[in-house]
Amino acid sequence: MADTPIGAFAPARSVKAPGRLRRRYSLLTRRDKIVLAVMVTIPTLIQLVFIWIPTVLSILLSFVRWNGLAFSDIRPAGTANYDFVFKDYPPFIPALQHNVLWLVFLAVIATPIGLLLAILLDQNIRGSRIYQSIFFAPVMLSLVLIGVIWQLFYSQNNGLLNFLLGTSGTPRAIDWFGDPNINIWAALIAATWRHAGYVMILYLAGLKGVDPALREAASLDGANAVQTFFRIVFPVMRPINIVIVVITIIESLRAFDIVYIINGGRNGLELISALVIQNLVGEGQVIGVGSALAVILLVVSLVPIVIYLSRTFKKDA
Amino acid sequence: MSTVTTRPPKAPARSGSPNKVGSVQRPHYGTHIFLMIMAVVWLIPLGWAIFTALRPKADTDKYGYFSFGGSFNFANFVTAWNQGGFSKLLFNSAIIVVPTVILTLFFASMMAFAVSRFTWKFNVTLLIMFTAGNLLPPQVLAAPLFEMFKHFELPYSVSGSGSLLNTYFAVIAVNTAFQVGFCTFVLSNYMKALPADMTEAAFVDGAGIWRQYWSIIMPLTRPALAALGTLEVIFIYNDFFWPLLFIQSGDMLPLTTGLNNLKGQFLSNYNLLSAGAIITVIPTLIIYLALQRQFVAGLTLGASKG
C-alpha cells in the first residue's frame, strides 16, 4: 500500500496569485494552447482511467452478481450484496469494530506519543538529531517489513517478548499474533511504532513554524511551559493539527498491509480493507460482495476527504 | 497591573538569541532520561532483528534466541540472498520503482504547471480531483482495476497471462495514477509561489509554453522535485498492495511483496528471516541516510508554512 503522504498536504499556501501573476488562458497563441491542452489531458486521462472510472465501476459492481469470468455472466442483484454484508456476513461487524479501534488507538496513543516526542525534541536539546533519526526510522520501513520484524518479537516460541516474560517454551507462552483476542493489540503496537514517528516529524515542522514572539509574550505574561503549549502553541498549530487528524483517520481506514501479512486479515484481525480483498482474490471470488464492502469503505473515507479538501481549497475556489 | 510593571527588567534577558542558547545549556536531565528510554524501546525491534540475523541457527538452537553464546557472522545474509533469490527480487523492484517515479514526476509537474501558472475554468476543479484521488483507500479500486486488467486481452507473445494481469505495466500505471495526485498538489503549491516575472520575461521574448515549463519552471522546481523523488522512491519500493493484487508469478514480485512469500519459506529459520528482512531494509536505509533531508522535506513540504 502506498502511504498517505498528506503530511505534505498542508493547507494550500495563502500566497495568493495576484491577477497579474497567473496569465489568462485566452491570451495565449493557438500553438501554446495546444501544448497546454496536451499537458493537462495526459495526466487527467491517467487519473480518470485508473482512479475515477474504477471508483464508479466499483459502485456499479456492488449492485451485481458476478464471478469475474465473462461479462455476459453479470446479473443484476439489486441491494442483495449490501443485505448480505450487513445481515449474513459474520466478519463485517468485527471488521467495523476493529477499524474504529484502530482509529481510536492511533488517535489516543500513537499521535500523542508523536506530539510529546516532537515537543521534547523541539527544545534544542543535545543529540536531538540522533533521537529524531531513531524515532523516524520506522517510517521509512514498509509495513511488510514491520510485520516481519515484529514477528521476531512476538513469536510464541522464538520471540523476544515471551523470553523476556519468562513464558517461552511453557504452555503459558502467548501467541501474540495468533491469539484472536490479543493479535489486534499486538498489531496496533507495531503500527504505533511507525505512526508516532510520522506524527513527530510533522509536528516538529509545525513547531518550527510557530512565531517565537508568541512564546515570549506568553512567558512575559508569566505562563509556564505547559500553559504556553496548550493555550498558545497548540492552537496556533491548528493547520497542522488538521493534517494530523486527517492522516490518522485515513491511515486507519487504509490499514491493510500489516494485518494481511500477519494472517491474511482473519482470525481476530478483520478490517474492512482486508475483507474487500478476501472477497476478490483466491477461491470463491464474489466480486459483488467485495465491491459492496469497497463502497462502504469509500463512503466512510469520503467524510474526512471532503472535510479536508473543502478546508484546503476554500481559499482558492 | 502592577505585575506588568515588574516584568520589563526580565524581558531583555529572555528576548533575542540568548534565549535559544540559554535553553541549550539548561540541563534537561528528565527529558534526556525519558528520550533515552524511548529511543532504546524504539530500537529494540530493529536491533533484535540484526542480532538474530548475525547468529548461526545452530547457535541459537543450542543456546536459545535470547543468549549471547556462539559466534556472529554474515552467513545468514548470504544464504538468505541466495535461497530467497534477492537479486531477482531487487531487480523487479527497480523495474517498477524507476519508471513509476519518473513518470509520476513528469506528469505531475506538467499538470501542476498548467494549473498553477495559468488561470482557466477548471484548474481548481482538476486540482481537487487529483488531490482526492490520492486520498482514496486503494482497496476501493481493487475489484474494477483487477477485472479491467484481466479482461484486457493481449497476445501471449507480449504478456504471459494473455492480459494486463501479471505485467509490470499494471503496477506502474496504477502507482503512477495514485502518486500523480499527491505530487501535482505539492508541485502546484510550489510553482504558485514562484514569481510571475520569471516566465513573463520569457513570454515577452517569445518563449513558448513548453520552453517556459522545461527551461524556466522545472529548474526552479528542482528542490521540490528532489524531495518528492526521494519520498516516492521509498513509497513505491515499500508498496505491497498493488503487486500483491496484480502480479501472480512469484519470480516477478518486487522485494517488499516477495518478502511475504519468503516469510513462509523461512518460517522455521528465524535467523534467515531476519537476514532477509535486513536485506530488504538496506536500499531504503541507504536512500534515507544519503537523502534524509530531502526525504523529511518531502514529507513536510509546505507543512511548516501552514
Side-chain angles (χ1 to χ4, degrees), chain A residues 1-3 5 7-8 10-11 13 15 21-25 32 35-36 39-40 43 46-47 50-51 54 57-58 61 120 124-125 131 134-135 140 142 144-145 148-149 152-153 158 160 163 205 208-209 220 239-240 253-254 257 273 276 280 287 290-291 294 297-298 301 305 309 313 316-317, chain B residues 7 15 23-24 28 31 35 39 42 45 48-49 65-66 107 110-111 114 118-120 124 128 132-133 135 137-145 173-174 177-178 180 182 186 189 193 196 208-210 234-235 238-241 256 259-260 270 277 280 284 288 299-306:
Chain A
M1 182 182 71
D3 283 66
R13 290 183 190 185
V15 179
L21 199 154
R22 289 209 206 163
R23 197 171 308 130
R24 255 173 301 129
Y25 183 65
D32 280 347
V35 173
L36 208 51
M39 290 172 86
V40 170
I46 294 172
Q47 283 281 299
F50 295 108
I51 309 271
L57 288 177
S58 225
L61 284 176
L120 295 178
N124 266 338
I125 59 162
Y131 287 126
I134 290 171
F135 296 129
M140 62 161 188
S142 69
V144 178
L145 212 50
V148 171
I149 288 173
L152 305 169
F153 190 80
N158 304 319
L160 179 62
F163 271 106
K208 291 215 173 70
L220 288 184
I240 236 113
L253 289 170
R254 280 180 165 191
D257 299 25
S273 56
V276 173
L280 296 181
I287 311 271
S291 300
L297 187 60
L298 172 68
S301 310
I305 293 175
L309 291 176
F313 288 101
D316 281 5
Chain B
R7 286 273 137 73
S15 63
S23 66
V24 173
H28 289 273
T31 308
L35 284 174
W42 235 246
W48 182 245
Y65 276 93
F66 193 57
F107 291 132
M110 291 200 301
M111 191 67 199
F118 300 91
T119 305
W120 43 289
V124 175
I128 289 175
L135 298 176
Q139 290 80 15
V140 170
L141 316 172
L145 284 171
V174 173
F178 245 92
V180 154
F182 162 65
V186 172
N189 275 351
I209 292 292
W210 185 259
I234 291 185
F235 281 167
N238 282 345
D239 175 43
F240 168 70
F241 182 64
T256 302
L259 185 67
N260 199 39
Y270 271 49
T280 311
T284 17
Y288 174 61
L299 275 175
T300 57
L301 209 59
S304 54
K305 293 265 180 185

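Below, each value reflects all heavy atoms present in this structure, side chains not excepted, and no hydrogens, waters or symmetry copies. Labels below follow one simple rule: chain letters A, B, ... track the order of the sequence lines, proteins then strands, and each chain is numbered from 1.
Put simply, CD1 on B:I234 and OG on A:S142 are 11.0 Å apart, with the number rounded to the nearest 0.5 Å. Taken from CZ in B:F235 to CE in A:M140, the straight-line distance is 13.0 Å, to the nearest 0.5 Å. Atom OG in A:S301 sits 9.5 Å away from atom CG in B:L135 (nearest 0.5 Å). One distance of note links CG of A:L36 with CZ of B:F118; it measures 5.5 Å at 0.5 Å rounding. For the atom pair CD1 (B:I128) and CD1 (A:I305), the distance works out to 13.0 Å, reported to the nearest 0.5 Å.
Of all heavy-atom pairs spanning A:R254 and B:P138, the tightest one is NE-CD, 3.9 Å. Taking both residues in full, the closest heavy atoms of A:I134 and B:A39 are given as CG2-O, 3.9 Å, listed atom of the first, atom of the second, then distance. The heavy-atom pair separating A:P54 from B:P144 by the smallest distance is O-CG, 3.1 Å.
Taking chain B as the reference chain and counting heavy-atom pairs below 4.5 Å, the highest number among A:V276, A:I149, A:L145 is found for A:L145. In terms of non-hydrogen atom pairs under 4.5 Å with chain B, the most contact-rich of A:L297, A:L160, A:L253 is A:L160. Of the residues considered (B:A143, B:A173, B:A114, B:P45), B:P45 shows the highest number of contacts with chain A, using heavy-atom pairs under 4.5 Å.
Residue A:Y131 touches chain B through its side chain alone, counting heavy-atom pairs closer than 4.5 Å. For A:I51, the parts lying near chain B are the backbone and the side chain together; criterion is any non-hydrogen pair under 4.5 Å. Of the atoms belonging to B:W42, heavy atoms from both backbone and side chain fall under 4.5 Å from chain A. Heavy atoms closer than 4.5 Å to chain B are found in the side chain of A:S291, but not in its backbone.
The side chain to side chain contact (heavy atoms under 4.5 Å, CB included) test applied to B:A142 returns A:I277, A:L280, B:F241, B:L245, not counting sequence neighbours.
Here the side chains of B:L35 and A:I125 are in contact, with some heavy-atom distance below 4.5 Å.
No donor-acceptor distance shorter than 3.5 angstrom exists from the side chain of A:S273 to the backbone of B:Q139, with no hydrogens or angles considered.
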